[in-house]
Amino acid sequence: MEKDYNPRDIERRWQRFWEELKLYRAPEPPRRKYYVLEMFPYPSGKDLHMGHLKNYAIGDTVARVKMMEGYDILHPMGWDSFGLPAENAAIKFGVHPKEWTYSNIEGFRSQLKRLGISYDWDREFATSDPEYYRWTQRLFLLLYERGLAYRKGGWVNWCPKCKTVLANEQVIDGRCERCKTPVVKKKLTQWYFKITDYAERLLRDLDKLEGHWPESVIKQQRNWIGRSEGTEIVFMAEDLPIRVFTTRADTLFGVTFISVAPDGPVIDAILERVSPEVRELVEEYVQQALLTSPEERTESKTGVFTGLYATHPFTGESIPIYVADYVLGEYGTGAVMGVPAHDQRDYEFARRFNLPIKFVVFPPDDDESSLEEFFKAVCDEVSDGEEFSIEYRGRRFSCRIKGAYEGKGILKNSGEFTGLTSDEAIRRIGERLREMGLGGPTVSYRLRDWLVSRQRYWGAPIPMIHCERCGVVPVPEEELPVLLPEIENFQPEGRSPLENVPEFINTTCPKCGGPARRDPDTMDTFVDSSWYFLRFTDPHNDRQMFSPERANAWMPVDQYIGGAEHATKHLIYARFITKVLHDAGLLAYDEPFANLFTQGLVLMGFWWCKECNRRIDEEELYDVKVVGTQKVGYHDTPEGPHEVVWLVEMMSKSRGNVVPLGPFVEEYGADAARIAILFAAPPEQDFEWTDAIRRSAINFLNRVWRTFYALREAGVEARVEPDLSSDRELLVAVNRAIVGVREDLSRFKFNTAISKLMVLLGELKVGRYSHGNLGWAAQIFVRLLAPFAPHMAEELFHEFSMDSLLGEKTVFRTPLPEPLEGVVEEEESIGVQINGKTRGSITVPKGATEDEVLRMLREHPKLGKYLAGREIRRVIYVPGRLINVIVV
RNA sequence: GCCGGGAUGGCGGAAUCGGUAGACGCAGGGGAUUUAAAAUCCCCCGGGGUAAUCCCCGUGUGGGUUCGAGUCCCACUCCCGGCACCA
């Protein structure tokens, strides 16, 4: 054993050893399976940084613990390698997206290998491999066959300057990511997946995940799906039914107008019917509204009267119809009934267009607090003869109306429903409408269908053909994959780059054999990642997406680990696709991820100049001071000094604040990087990378090495069993570590698990205990260390011949140490309180009775005085914890 | 605005069920070793008072429940996420 810890040699040696042993190969079929998965990365560059590592370090620790618990592990890795950055790189550097992507993958893979993460590399794939996207295309066809993929004209984000469609993620604060131009809506026919068909199941099955997924992710998904029970009400505008959705059918008699969305489903029918005089005005407004970016809209309510009227289903009144952009075209029915008295948005709209305000819901007379709430919401100032008056306890109050009353109450002026409570009225009105055939109770969801078309090159082509004679025809399954052609120009032109490739676009119709065109769009990359965890169970299958036997043998993923930012994207899409495949009979299970852990971010502080839009080095700074809570300084530029601020943000290449892993691992080793990340903070929490974290990890590993070197020098040899007759303190310390580390591991508390190893390490001192028991303690320590610092543990395992001692080639085939029988602590220190105030502590035999403790307390040299000559009123004794004596 | 999460020493954090607040680490201080430095090892390290012994205060703020509150309840402040004209 060398005197100095040399991670480079050690880590290389054991990485090679594990590979030769095929330690990470997932057996087929598994006996006792455990599937650990970290969200696979987008290969965004050649180098990994500390931010990436956190995800993999957590996953690897889990995998190694489960390995030591005797499970057959599936722990795969691959690449989410389609996506926009590859095209941007092509435009910027002139490298083909494919070349750029695959060389990044090389970089990522070799760095992950150098970190010693326990992946089964035989199962690796990239979503941009034709052998993979062939099956992504098959998935698309499967959805199409099941009526879950459809085409519709939709309003998409459009940058008028770049003349291109933008993906949602390219729209930053309502502006184009690249040129900062406000984004507008453009109508395009696109492919959608009908995820809304699954809204109810996606919501309901969240109950199954309760306790296994972070509560916050479940809540975010519930909100995102946004189930809302309400009533659909049909207002007939002569022959045209205007359907509205409302949760407050009780306010139906307060309707004074109807608003339809400029991009809603009824707008075209309305435009057809408006009279020639106002047609131009209305059309202009609709155009205008669609060109206005959402952020510009929020200021004040706008709209236009269509000249049309609809009939109130109960009163028969004529209700004017407006087009207004505060109504969302994609939610509910794309039209609302305007009740200014009971909805603040309708109120604001009514004010602007001088529409009447009719109050129909009032708080009950005997409920003072809701009456107070009513006046607070509605009345500006009490004055006579103004717009609104209410009689309350025989007095008449008049006031100017300030806003809407959105609370519930008792109905007035509501025909046959007058006198009912809001909830009762909602029920009865719903029933009546149903009888009348003019709507009824219904459920609406916030969730929208999933737009999957992208006018992009670097993605999986949509396997559809457009034939003039036959319409939309799917590509026959045996012709998959529809290969991405090689092209040169990736400059966006407002349509897919594939449109410019005649040999791709022009094809023949599979149905009639006539000339036809391929769909020019590619799929959203979230489609790629919505089923990759299934492909890992059968990655080389060239006849199917995966074989149901293999998938069912490994699924569901037992532990999924990733960032919380995917709560309402990837994690919903993956659940949806899993359910579809379940319904198609390909999967036994309909939830993909049995347990989810969301790790926190790795943050990094840095100096940033907003004017230069770049990171500033410490050396360029001067006049650094603290203003309020903000650290500021200056740096010189040709234009004079610029202010520089200290920011703490997520590590990312674009901010230039990364700590690259390559050099770190070269200098300090993979084990140090892992320990640093895991010890710094609990893994679910964000933390800022600092040099102190690096130091603590390196100190610890060096201390481990020195301690074992000293044991070796002293001739200590590893032992399987302890000698229970001596070294009580050591036995207790080891047992405490075993119990503590196991407990912490089960709750992902890696930081405290490592701190318990540090405490145990402090006991492994030559001379303090017998060599036999030190050798046993060392052996236990190595096995507890293994999930966190696998290379170091494997080295010490062999250095102390634990392989032959325990009959296993590797520490990872030995079980995680079990708590010892019969090692109990004989004494314990408990807290002493007098009248509830902590006065010190006392050491008592374990299991001492209250009387024994009291006797010891009376005789105690320091604490005895508190009891001397006083009467004991009450004693609260919590064995092992404290004793509280109440005296007078 | 609505829905989550959080606030503990100089710093990262610990305290699992209401039971000795500050484990473990970083920084700092003192000592040993060394010609010296680095490295290493040992000790101290929330604040205030005190000669000592001890005493008082202390987990964002203000109240409450309890023998006992970082932990539970009510009100509030600030920070960090998510959603946001969803009818």
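Here the structure is a predicted model, which is why all the values come from computation and not from measurement. By convention in this document, chain letters (A, B, ...) are assigned in the order of the sequence lines, proteins followed by strands, and residues within each chain are numbered from 1.
V878(A) comes within 4.0 angstrom of a nucleotide base, judged by non-hydrogen atoms across all strands. Here Q685(A) lies in heavy-atom contact (under 4.0 Å) with sugar-phosphate atoms only. Among the heavy atoms of the strands lying under 4.0 Å from Y866(A) are primed sugar atoms or P, OP1, OP2 only; no base atom is included. When heavy atoms are screened at a 4.0 angstrom cut-off, I886(A) is found touching the sugar-phosphate backbone but no base atom. Within the nucleic acid shown, S841(A) comes within 4.0 Å of at least one base atom, counting heavy atoms only. In this structure, K3(A) reaches neither bases nor backbone, as no heavy-atom distance under 4.0 Å exists between it and the strands shown. Residue S228(A) is in sugar-phosphate contact alone, with no base atom involved, counting any heavy-atom pair closer than 4.0 Å across all strands shown. At a threshold of 4.0 angstrom between heavy atoms, the contacts of R874(A) include nucleobase atoms, whether or not backbone atoms are also involved. Contacts of N751(A) with the nucleic acid, taken as non-hydrogen atoms under 4.0 Å apart, involve only primed sugar atoms and P, OP1 or OP2.
Look at the P atom in both G48(B) and G9(B): the space between them is 15 Å, to the nearest Å. To the nearest whole angstrom, the two C1' atoms, one in C17(B) and one in G70(B), are 15 Å apart. Across C44(B) and U35(B), the matching P atoms stand 28 Å from one another, rounded to whole Å. Nucleotides C54(B) and A27(B), compared at atom C1', are 31 Å apart to the nearest Å. With C1' as the reference atom, A69(B) and U8(B) are 14 Å apart, rounded to whole Å. Nucleotides U66(B) and C74(B) have their C1' atoms positioned 16 Å apart, rounded to a whole Å. Rounded to whole Å, the C1' atom of G22(B) lies 23 Å from the corresponding atom of G5(B). Nucleotides G47(B) and G58(B) are separated by 7 Å at their C1' atoms, to the nearest Å.
OP1 or OP2 of A87(B) lies within a sub-4.0 Å distance of a side-chain N or O belonging to Y331(A). Taking only side-chain nitrogens and oxygens, R873(A) never comes nearer than 4.0 Å to OP1 or OP2 of C67(B). Phosphate proximity of C17(B) to R881(A): absent, as no side-chain N or O sits under 4.0 Å from OP1 or OP2. At the phosphate of G4(B), neither OP1 nor OP2 sits under 4.0 Å from any side-chain N or O atom of R222(A). In this model, the phosphate group of A15(B) is not approached by any side-chain N or O of K749(A) to a distance below 4.0 Å at OP1 or OP2. Between T690(A) and C26(B) there is no side-chain N or O to OP1 or OP2 distance below 4.0 Å.
F257(A) and F349(A) have their aromatic ring centers within a separation under 6.0 angstrom. With ring centers used as reference points, Y322(A) lies under 6.0 Å from F353(A). Taking the ring centroids of Y347(A) and H342(A), they lie at or beyond the 6.0 Å cut-off.
A salt bridge links R747(A) with E743(A): the closest approach of a Lys/Arg side-chain nitrogen to an acidic carboxylate oxygen falls below 4.0 angstrom. A salt bridge does not link E763(A) with K765(A): none of the charged nitrogens is closer than 4.0 Å to a carboxylate oxygen. Electrostatic pairing of R427(A) and D423(A) does not count as a salt bridge here, judged by no charged N lying under 4.0 Å from a carboxylate O. Note on R227(A) versus E200(A): salt bridge recorded, some NZ/NE/NH1/NH2 to OD/OE distance being below 4.0 Å. Between K408(A) and D250(A), no side-chain nitrogen of the basic residue sits less than 4.0 Å from a carboxylate oxygen of the acidic one, so the salt-bridge criterion is not met.
With distances taken from any side-chain atom of R695(A) to the nucleotides C26(B), A84(B), C42(B), the minimum falls on C26(B). Listed nucleotides: C55(B), G4(B), C85(B). Nearest to the side chain of D325(A): C85(B). Side-chain atoms of Y326(A) lie closest to A87(B) of the nucleotides A84(B), A87(B), C55(B). For L882(A), whose side chain is taken as the heavy atoms from C-beta onward, the closest listed nucleotide among A87(B), C24(B), G19(B) is G19(B). In the set C85(B), A14(B), G82(B), the nucleotide with an atom closest to the side chain of T752(A) is A14(B).
Between F526(A) atom CZ and H570(A) atom NE2 the span is 8.5 Å, to the nearest 0.5 Å. Of the inter-residue distances, the one linking L438(A) atom CG with H312(A) atom NE2 reads 11.0 Å to the nearest 0.5 angstrom.
K862(A) contributes no side-chain N or O that forms a donor-acceptor pair with the base of C54(B) under 3.5 Å.
Taking a 4.0 Å limit (strictly below) on heavy-atom distances, residues 699-706 of chain A reaches RNA chain B at N699(A), R703(A), R706(A).
Taking the six-membered ring where the residue is Trp, Y331(A) and F245(A) present perpendicular rings, their angle passing 60° and hence far from 30°.
Annotation: of the two residues near RNA chain B, F679(A) and V336(A), the 5′-most nearest-nucleotide partner is F679(A). Each of S755(A) and G831(A) has a nearest nucleotide on RNA chain B; the 5'-most of these lies closest to G831(A).
With a glycosidic angle no more than 90° from 0, C17(B) adopts the syn conformation.
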Review point. What pattern of brackets, bars and dots sums up RNA chain B from 5' to 3', given Watson-Crick or G-U wobble pairs under 3.5 Å, [ ] for crossing pairs and | for another strand?
Key: (((((((..(((......[....))).(((((.......))))).((((....))))..(((((..]....))))))))))))....
Identify the pairs formed between an N or O of the protein and an N or O of nucleotides 68-70 of chain B at a distance under 3.5 Å, and give each distance.
none

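A side-chain donor from one of Y326(A) and D346(A) sits under 3.5 Å from a side-chain acceptor of the other.
Heavy atoms from other residues, nucleotides or ligands lying under 6.0 Å from CD of Q344(A) number more than 12.
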Practice item. For the pair W450(A) and Y573(A), evaluate ring pair (Phe, Tyr, Trp, His ring centres under 6.0 Å) and give the outcome as yes or no after the intermediate values. Key: CA-CA 9 Å; W450(A) 176 11; Y573(A) 297 140; 3.7 Å; yes
